[in-house]
Amino acid sequence: MNHRLYFAALAGVAHLAFMSPVAAQESVNADPSAADDGDIVVTATRQGSQTLIGTPLAIQAFSGEQLEERGIRETTDLISSIPGASAGEQVGSVIKTFSLRGVGAAGGIGDSPIGYYIDDVPFAVPNSPIAPPLRFIDIDRVEVLRGPQGTLYGQGSAGGTIIYHTRDPDLNNVEMRGEATIAKMDDASALNYGISAAISVPLIKDKLAIRISGGYDKRAGYVDIFADTPATGAPTKKNANDITNRDVRAVLLWQPTDALKVRVQAAHWEPRQDYTQSINQLEPAQQWFSGTTQGYENGNFDLYSLSVEYDAGAAILSSSTSYLDAEFGYLTGQTFGPLGTGSLFNGYDARSFAQEIQLRSNGDGPFHWLVGGFYQNAKAVFSFDANLTALTISGFNDTRTRNYSAFGEVSYDLFGGKLVPLVGVRYYKDNRRFNADSILTGTGSGQTKPDKITWRANLSYFPTDDLTAFVTVSTGFRSGITQTPFQASLVELSGIPSSIALDPDTLTNYEAGIKAKLADGRVQLGLNIYRIDFKDLQFGLTPFGVAAFANVGEARTIGVDLEARWRTPLEGLNLGAVANWNDSEFRNIFPAVTASLPNVAQGERLSSTAKYNYRLDADFERPLGSGDLRFFLNGSAARTGSRVMYDGYVVRPYSLYNASVGLRTDRWELSLFGENLADERGPSFVRNSLLLAGPYPRTIGLRLRTTID
């Protein structure tokens with residue numbers, strides 16, 4: 001990307017968003033995805049718009065305004081608001097993984113067990129569970145579905161699906177948004193700052209419009225780098241781990257008739273970090289494992305999509321076509337035991353073409369149905385290069401997949417829609433090939449053709465408009481990891497059955513839930529109880545010092561999710577809470593696995609799965625005088641319970657506190673915000689007992705927002 005053109009375009013959009021005068025404005029807190037009573041409207045079931053209270057799934061939704069008010073700027077921030085969610089592997093600002101209800105707890109290996117959709121197109125890299133590097137600068141809402149979703153979404157997900165809905169162009173009005181922030185983070189000598197903007201322009205009124213958005217931000221470094229182990233003398237570099245993000249997105253919306261909608265999107269994300277987020281000491285923040293190597297973690301992601309929806313009256317046909325180009329990786333210095341010290345590069349170069357088509361019922365009749373098909377043609381080349389004192393090692397693993405699936409659901413309204421049984425099924429077929437070569441793992445190739453049928457059965461009860469209850473049983477899986485014959489042979493020499501293509505790991509989710517509105521809708525409650533049985537868990541092992549993989553056994557998780565929202569009698573004060581408690585354990589683990597990883601054993605807690613998490617939110621708004629000037633205050637407190645990592649390291653519980661206070665009108669908002677107010681250092685993730693990652697240090701800053709239409 002031409003950086004000069006990028007910044008010139010962004011500056012122009014920002015100038016328009018911040019400076020253009022206009023007579024009438026919509027409030028920056030207006031929620032276009034909310035029902036009349038404040039309940040967010042969602043589309044996750046793909047049967048039209050539904051309120052959260054009327055959606056018989058374990059689902060959450062966050063409007064763009066809620067995300068802004070709570071200081072949630074990316075998926076890492078969002079995790080604390082999701083019951084049973086945990087941060088997974090974290091290299092830096094680019095390579096991040098997450099788990100839901102223990103699904104994905106094995107870390108950064110294999111296909112993602114969590115489905116990620118940007119609007120209606122998937123974000124998926126073969127053999128990598130990386131989450132999309134989105135910053136929430138122009139988001140309409142985010143929907144989070146917990147539990148398997150393969151009968152609704154072609155990019156099937158074993159643990160759940162996160163859907164990021166970006167804002168559509170406005171076909172009738174010019175709209176401009178802007179945001180600027182400046183902040184000081186503890187331990188950092190420089191300031192954090194950022195700017196983002198969006199402009200929507202109708203090209204043909206009521207028919208054609210374009211929306212362009214983008215942003216740039218910099219988070220100052222706060223980690224000191226030392227060349228010696230442990231740190232001695234003066235650091236070779238202070239405040240070294242700077243993070244920058246550039247992104248730009250363009251959407252063209254064409255709606256020639258009320259029945260036809262065509263949406264074309266192009267997006268680019270460019271995250272960068274000096275060194276990595278894995279460090280040796282949290283307070284003071286120091287890194288010495290990289291020696292004299294100038295480390296980094298970089299990413300370049302491009303997503304192009306074409307979405308078409310046609311309302312034929314009795315049915316709605318939709319199609320989404322997408323192409324993802326992803327390059328990401330990191331370089332770090334490291335000590336490799338008897339092989340000496342040196343540098344290690346790990347990189348991914350991935351391409352994915354995906355096509356999804358759906359036909360779903362439309363209308364007020366009692367019979368509802370959905371059928372769909374999905375096709376993906378993708379490849380991912382993982383390469384590594386280690387230049388060590390005693391040896392130079394390089395290699396690659398080229399994985400290619402052509403997979404397709406057919407899926408659908410049917411339901412019928414009984415007793416006037418008060419009782420609704422639903423069944424869904426998904427058939428998946430994969431043709432996966434790989435070629436690999438390195439000194440350590442040898443040359444190898446292989447092919448696997450897994451196929452799988454998964455299903456969901458749900459019974460929902462709607463006694464009133466303010467009460468929903470449901471029970472569901474659903475299954476999920478993900479394709480098996482591929483590896484070279486040399487890797488598989490080392491695993492088998494350790495006494496653990498393995499192969500060049502692992503069996504898919506599978507799960508069955510049993511769940512019951514209830515949602516209710518009380519006190520004329522002022523109180524909203526949700527409760528879910530679930531049990532998940534895992535089979536053929538895929539895990540990473542290191543037999544004889546070489547990375548390899550195997551199906552290690554089974555696991556079980558039992559948990560409870562709680563959600564609550566209260567519009568209190570004090571005008572302008574709203575309170576919210578989410579919480580999860582779970583009991584998880586490994587079962588029927590191969591003894592040789594336990595000998596290699598003692599914490600992966602019968603009865604031990606599932607790796608990287610927090611025993612509990614909760615978050616409390618409060619927001620308050622009150623008019624000042626007779627005009628539209630308003631005072632507001634937001635605060636949150638989140639706590640994540642202890643976790644046991646892969647090597648047995650126990651991550652202690654930690655808490656995060658955020659707050660903001662400010663003034664707003666229908667045109668602008670100015671706030672003072674604080675993040676991690678107690679300066680919690682964690683760790684929140686542990687790669688091994690010597691490499692830690694924690695929350696960003698306490699940060700205090702100012703934020704200015706404006707919306708003009």
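Atom-to-atom distance recorded for Glu74:CD and Leu134:CG is 10.0 Å, nearest 0.5 angstrom. In this structure, the separation between OH on Tyr649 and CZ on Arg643 is 11.0 Å, given to the nearest 0.5 Å.
For the salt bridge (Lys or Arg N to Asp or Glu O under 4.0 Å) condition, no pair includes a residue of residues 147-161, sequence neighbours left out.
Of the N and O atoms on the side chains of Arg426 and Thr151, not one donor lies less than 3.5 Å from an acceptor on the other residue. Using modelled atom types, one finds a donor on one side chain and an acceptor on the other under 3.5 Å when comparing Gln376 with Ser352. No donor-acceptor contact under 3.5 angstrom links the side chains of Thr75 and Lys96, judged on distance only. When only modelled atom types and interatomic distance are considered, Thr45 and Gln50 share a side-chain donor-acceptor pair under 3.5 Å. Side chain to side chain, Gln66 and Arg141 fail the donor-acceptor criterion of an N or O pair below 3.5 Å. Side-chain contact, Ser405 with Asn403: no donor N or O sits under 3.5 Å from an acceptor N or O. In this structure, a donor-acceptor pair under 3.5 Å is absent between the side chains of Asp138 and Thr166. No hydrogens or angles considered: a donor-acceptor pair under 3.5 Å links the side chains of Ser498 and Gln483.
For Phe328, the ring pair (Phe, Tyr, Trp, His ring centres under 6.0 Å) test picks out Phe301, Tyr348, with sequence neighbours left out. Scored by the ring pair (Phe, Tyr, Trp, His ring centres under 6.0 Å) test, Tyr117 finds Tyr153 as partners (sequence neighbours excluded). Taking Asn580 as the reference, Tyr530, Asp561, Asn582 meet the side-chain hydrogen bond (donor to acceptor under 3.5 Å, both in side chains) condition, with sequence neighbours excluded. Partners of Tyr428 according to the ring pair (Phe, Tyr, Trp, His ring centres under 6.0 Å) rule, which considers only residues two or more places apart in sequence or in another chain, are Phe477. The ring pair (Phe, Tyr, Trp, His ring centres under 6.0 Å) check on Tyr275 picks up nothing, with sequence neighbours excluded.
Side chain of Asn192 to backbone of Ala220: a donor-acceptor contact under 3.5 angstrom is found.
Contact record, Ile137 with Gly215: CD1-N, 3.8 Å, taken as the closest heavy-atom pair.
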